[in-house]
Each structure stands twice: as C-alpha cells, then as structure tokens.
Amino acid sequence: MTLWRSPFPDLDTAPAMVHDEVLGGAAPGRVAVVDAATGATLTYAALLDRAMRLAGGLRRAGARRGDVLSVVASNGTDFPIVAHGTLMAGLTLAPASPLLTARELTTFLRQTGARYVVADTTAMPKAAEAAEAAGAEALFGVASLPLGEPVAPDAQDPRATAFLFSSSGTTGLPKSVMQPHGAAVALLRQLAAVPLTRARPDDVLAGIVPFAHVFGSASLNHALRAGAKIVTLPRFELEALLRMIEEHRVTMIFAVPPIARALARHPMVDRFDLSSLRLVMLSAAPCPAELELECETRLGCTVGQALGMTEGAPVSLPSEPVCHGSAGLLAPSTEAIVVDPDSGERVGAEETGELWVRGPQVMRGYLGDEVATLTAIDADGWLRSGDLVRFDEDGQLFVVDRLKELIKVRGYHVAPAQLEAELSAHPAVVDAAVVPRFDEESSEVPVAYVSLVEDVDPSTLASWVAERVAPYKRLADVIVVDEVPRSPTGKLLRRVLVERERGLAAPA
C-alpha cells in the first residue's frame, strides 16, 4: 500500500504561461540558439522580437485564441520563433515531425484541427499537400511568416492548452495529448529544481532530440529558460554531433539510448575532444546500466536516465549519486503508486506492477477522446503509465517493461526489455528488439531482431542470452537486420516487428 513521493522540495506553484516562463528573464544580447548545420544564430533579443511580431501578424490575420497552429520543421533557429510567437498570440502549438509522410501529416492536421500550418523548406511540399487535404486555412514557410507589429502577450489562462503532442498512449493508437501551459511550466520547473539536470546561463545544450517531441521541446525550453545556449542539428548524425560538441563546447546532452550506445562504442568518438560534457541525460527508452557505465567511463561525465511520457513528463529524474540502471527519483511535486495489473492492489518496494503517477505535469487529456482520457486518468488524478516498474527501498525507480509488451510463455510473463538489455551487453550488438512469435505449444515465444557492428552467428547470441536468463525466457530465434526500427526520438517501434511476425505466422 506504498505511496511514493518525490524527495525534492515542492515546486513553486505560481501560475505562468510558457512564453513568459521561458523568455521572461533572458539577457537580450546573449546567443539563444545556434544551428550547427548552417551556422545561423539567434539572440534572445531577436527571438523575443520575432516571436512578438509573429504574434502580431497572426492576430492581424484573424487568428483567435485557442486556434491551432501546426509547425512542421526540423530543429533550428526558426522553431522557437514559431513556437513562442504562436503561444504569445494565444494559440495552441501542434508540432509535427518533418519525417511524416503527407498522408500521415494530413491525419495529424485533421486530428488536431489545425487552422494554420508553418513548414520549413524541406517539409513544405508534403505540408502543402496535407494542409490542403486537411482543410487548413493558411500555410506559411518559415521564411515568409506573417510578421506584424510586435505585440506583447496579454493576460492569459495557464489552464489553456499550450501544446498538442502526438502520442500512441497505452493502446498504440495515435492521439493528441493536450498539455496546458501550467503543465508545461511545471515540467520546466522540475528540470530546474533538480541539481543534476539544472541548466545554468553558461551551459551549452545539444538540441538533437526533435523539438516536435515533448522531450525535445523540453530540452529547448529548458535551455532558454536558463538563459543558456542550445546548439541544434536537423537530424542525428554521429560525426556531426561529435563535431558540434567539440566546436561549441557542449556541456549537456538530452538524448536517447541509441546515442549513448554510439558515444560508448563507436571508434569515431576518440577523434574528438568531448571534455566539455558534464551530463548526458537519457530518456524515451530504457537504457541498460552497463551501457550507462560504459558511456560514462568513456566520456568522463555523468550519465543518467529519466522517465517520462508524453502524457506526463518528467516522471523521474536522475540525481547524484546516479543509480545506474534506474530512472532516478520522482520529479518534484510528483507522487506515484505501483499497482498489480492482475489484482488492482497497490504493491510495495521491490515489487513489480504498473506505475501510476500524479503531479502538476500531467496532461489535461486526449483531444476529442473522452473515453481514452478516462481510461488513462482516473477520478483521483492518477495517470496510468502502462509501464511495469518497481521502486527500491531508496525510492529509485526501475523500469521493467511496458505492460502491453509482455510476452506470455506458458503462463509466464517475459519482459522484452530484459532480453534486449542482455543482447545489448554483447559487444557485437548495436541495437536489439524482442517481440512475441505465435507458438502452438507455448502460446508465444520471444524472438529477437538485432543489428550488429560485427559479424556473429545468431545462435551465438541466443546462447549468450540463454546463459543469463531463466529457461522460459530463452530466445526462440535471432534475426539479423540492418537497422532496428525506431522513431526519430529513439523510441523502439516494436509494433513494426510485431506486425512482421504476425505476417509470417499468417496462413499462406
């Protein structure tokens, strides 16, 4: 019956709008954003001026409070201008990945009800197609924004929706998460309240997680709120990242585990001076403790994990001394319970169950989907995460797996994340994913898809895992692929492999 509470002091609860919280105290002459790919820079003064002018232009164009503007753009100097100008005008921002197809983007624009669309040069052709198909009123390029006279934001309601982020939720179906200003501000205050993740004005952050994702948006606004500098890349490329760290003396990286794996193991890393780094914070997917330690040892900086979800981030943050393999401690003003998924009873320390969380960072709900909202958040405000976790006696949170991804082998529950961690510990494995395969005898058996840095017989990898797990967890098959499917933020696209397995099992 344990109720877990954050060990950190409670947050400042003074209401605020995102744009005021982020841009309210920055030194105007300091550089805010640098595009490492083009060399373009944006000072805080220029960011504030252009955002206020965009707000004025949108109002002059007839935008009304609560309208939705979707931005389809890679990381760079334009994104924060569009984001904060939209918010200053009283609109809701719906960021979309520029990697989406026109068909996917059309679905997103319809789901969010976007009235306006802003796209960068690369995304413009499919954004134009999608905007027309979805019935958006106007499409703008980042170089032709409707700028008007600078307009200071007037008093607004922190309960208003600031962002609509795309999420698969716990059912795997696309939904739009409504994140109010208050929740987004709480997220930023939580990051700033924990000493290890706090950014300072002299910090340089790496903007490599797509800003269209809640994790990337948080890294951008966390840097700006601190008056720090964020250096961006439009997409992750290892050599470009390493050069960026060396040239711009990057101090903090918010990243996903595949990047940690590259930093820990790729020989190219030794060609660059990465001594400026003080923190690599990982999230969006679990990272094995061994890989964290490998990365930390090689880079000579702190490496830790956080847990978050689009519906409520952060849930937990790393704190010194880092407990490798854990997702850290509950974020400030956050509480949690762990619930047995079969009985519905709360469980205690060292017992595994579904994580339920409650705090000021939790979403308002899913846009236009009351049933999904009521399924995700109960009457007492508990958000069901869909994550199987356990807490240790010290309050460190350990992710066991996603509840829906458990593989049932002869009545036993097998967690894919455990097998993936074992595979990832093999020096030849670059990335791994484990999914269920239908089996008449066992109902399901686990099979692995792996990408390799060197040739190794799949049976060797199966034996490697078999030596480390209980008999019912042994891999039935290991399949070598060029690349394990992941989203731009590093999230494992397990469903792609599940559908492949279903197709193989289907009758001819």
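At distances below 3.5 Å, not a single donor-acceptor pair connects side-chain atoms of His248 with backbone N or O atoms of Val250. Panel note: side chain Ser176, backbone Thr112; no donor-acceptor pair is recorded below 3.5 Å. A side-chain donor-acceptor contact under 3.5 Å links Asn75 to the backbone of Phe211. Distance alone, capped at 3.5 Å, places no donor-acceptor pair between the Ser451 side chain and the Val481 backbone. Without hydrogens or angle criteria, Ser6 side chain to Leu330 main chain gives a donor-acceptor distance under 3.5 Å. For the pair Gln361 (side chain) and Gly312 (backbone), a donor-acceptor distance under 3.5 Å is absent. Judged by distance alone, the side chain of Thr251 and the main-chain N or O of Asp203 form no donor-acceptor pair under 3.5 Å. The closest donor-acceptor contact from the side chain of Ser316 to the backbone of Ala327 lies under 3.5 Å. The backbone N or O of Pro98 lies less than 3.5 Å from a partner atom in the side chain of Lys126, making a donor-acceptor pair. Looking only at distances, no side-chain donor or acceptor of Arg474 sits under 3.5 Å from a matching main-chain atom of Ala462.
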Practice problem: List the steps, then state whether side chain to side chain contact (heavy atoms under 4.5 Å, CB included) holds for Leu388 with Glu405. | Solution: CA-CA 10 Å; Leu388 279 178; Glu405 292 168 352; over 6 Å; no

Exercise. Could you go through the side chain to side chain donor-acceptor pair (under 3.5 Å) check for Asp457 and Ser459 one step at a time?
Key: CA-CA 5 Å; Asp457 193 282; Ser459 64; 2.4 Å; yes

Self-check item: Candidate pair Leu196 and Glu320, rule side chain to side chain contact (heavy atoms under 4.5 Å, CB included), full reasoning
Solution: CA-CA 7 Å; Leu196 183 60; Glu320 292 183 305; 3.7 Å; yes

Self-check item: Worked check of side chain to side chain contact (heavy atoms under 4.5 Å, CB included) between Leu279 and Ile253
Solution: CA-CA 6 Å; Leu279 174 67; Ile253 302 178; over 6 Å; no

Quiz item: Going through the checks in order, is the side chain to side chain contact (heavy atoms under 4.5 Å, CB included) test met by Thr302 and Arg278?
Solution: CA-CA 6 Å; Thr302 301; Arg278 68 176 179 87; over 6 Å; no

Exercise. Decide salt bridge (Lys or Arg N to Asp or Glu O under 4.0 Å) for Arg358 and Asp380; before the verdict, give the C-alpha distance in whole Å, the side-chain angles of both, and the deciding distance to 0.1 Å.
Key: CA-CA 9 Å; Arg358 188 164 61 184; Asp380 295 320; 5.5 Å; no

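Ring planes of His426 and Trp464: perpendicular class, angle over 60° (limits at 30 and 60°). Using the six-membered ring where Trp is involved, His213 and Phe215 have ring planes that are perpendicular, over 60° apart on the 30 and 60° scheme.
With contacts defined as side-chain heavy-atom distances shorter than 4.5 Å, the pair Phe165/Ser217 qualifies. At a threshold of 4.5 Å between non-hydrogen side-chain atoms, the residues Ile407 and Glu444 count as touching. In this structure, the side chains of Arg189 and Arg225 come closer than 4.5 Å at one or more pairs of heavy atoms. Arg486 is listed as a side-chain neighbour of Asp431, based on a closest heavy-atom distance under 4.5 Å. Val469 is not listed as a side-chain neighbour of Val414, based on a closest heavy-atom distance of 4.5 Å or more. Side chains of Ser97 and Pro210 form no contact here, defined as non-hydrogen atoms less than 4.5 Å apart. Inter-residue side-chain proximity for Leu461 and Leu452 is flagged as met; some heavy-atom pair is nearer than 4.5 Å. Val435 places none of its side-chain heavy atoms less than 4.5 Å from the side chain of Pro416.
We find that Asp270 and Arg298 are joined by a salt bridge, their nearest charged nitrogen and carboxylate oxygen being less than 4.0 Å apart. Using a 4.0 Å cut-off between a side-chain N of Lys or Arg and a carboxylate O of Asp or Glu, Glu239 and Arg243 qualify as a salt bridge. Salt bridge Glu294/Arg265: present, at least one basic N to carboxylate O contact under 4.0 Å.
Of the inter-residue distances, the one linking Leu233 atom CG with Met244 atom CE reads 4.5 Å to the nearest 0.5 angstrom. Within the model, atoms CG of Leu164 and NZ of Lys175 stand 14.0 Å from one another, a figure rounded to the nearest 0.5 Å. Ser424 OG to Glu290 CD: the interatomic distance, rounded to the nearest 0.5 Å, is 9.5 Å. Residue Leu242 holds its CG atom at 6.5 Å from CG of Leu263, rounded to the nearest 0.5 Å. We find the OG-CE distance between Ser167 and Met309 to be 6.5 Å, quoted to the nearest 0.5 Å. From Ile337, atom CD1 reaches atom CZ of Phe391 across 10.5 Å, with rounding to the nearest 0.5 Å.
Smallest separation of non-hydrogen atoms from Ser326 and Gln305: O-CB, 3.5 Å. What you find for Val434 and Arg494 is that their closest heavy atoms are O-NH1, 2.8 Å. When every heavy atom of Val338 is checked against every heavy atom of Thr352, the shortest pair comes out as CG1-C, 4.1 Å. The heavy-atom pair separating Asp35 from Gly76 by the smallest distance is OD2-CA, 4.1 Å. Residues Glu292 and Val303 approach most closely at OE1-O, 3.3 Å, considering heavy atoms. The heavy-atom pair separating Leu11 from Ala193 by the smallest distance is CD2-CB, 4.3 Å.
Around the CD atom of Glu350, the shell of radius 6.0 Å holds more than 12 heavy atoms that belong to other residues, nucleotides or ligands. The environment of CZ in Arg198 is crowded: more than 12 heavy-atom neighbours from other residues, nucleotides or ligands sit within 6.0 Å.
Of the residues listed (Val357, Ile377, Val362, Val177), the one engaging Glu311 in a side-chain contact (heavy atoms from CB on, under 4.5 Å) is Val177, and it is the only one.
Side-chain contact of Asp273 with Ser275: a donor-acceptor pair under 3.5 Å is present, judged by distance alone. Judged purely by distance below 3.5 Å, without hydrogens or angles, the side chains of Tyr449 and Glu501 pair a donor atom with an acceptor atom.
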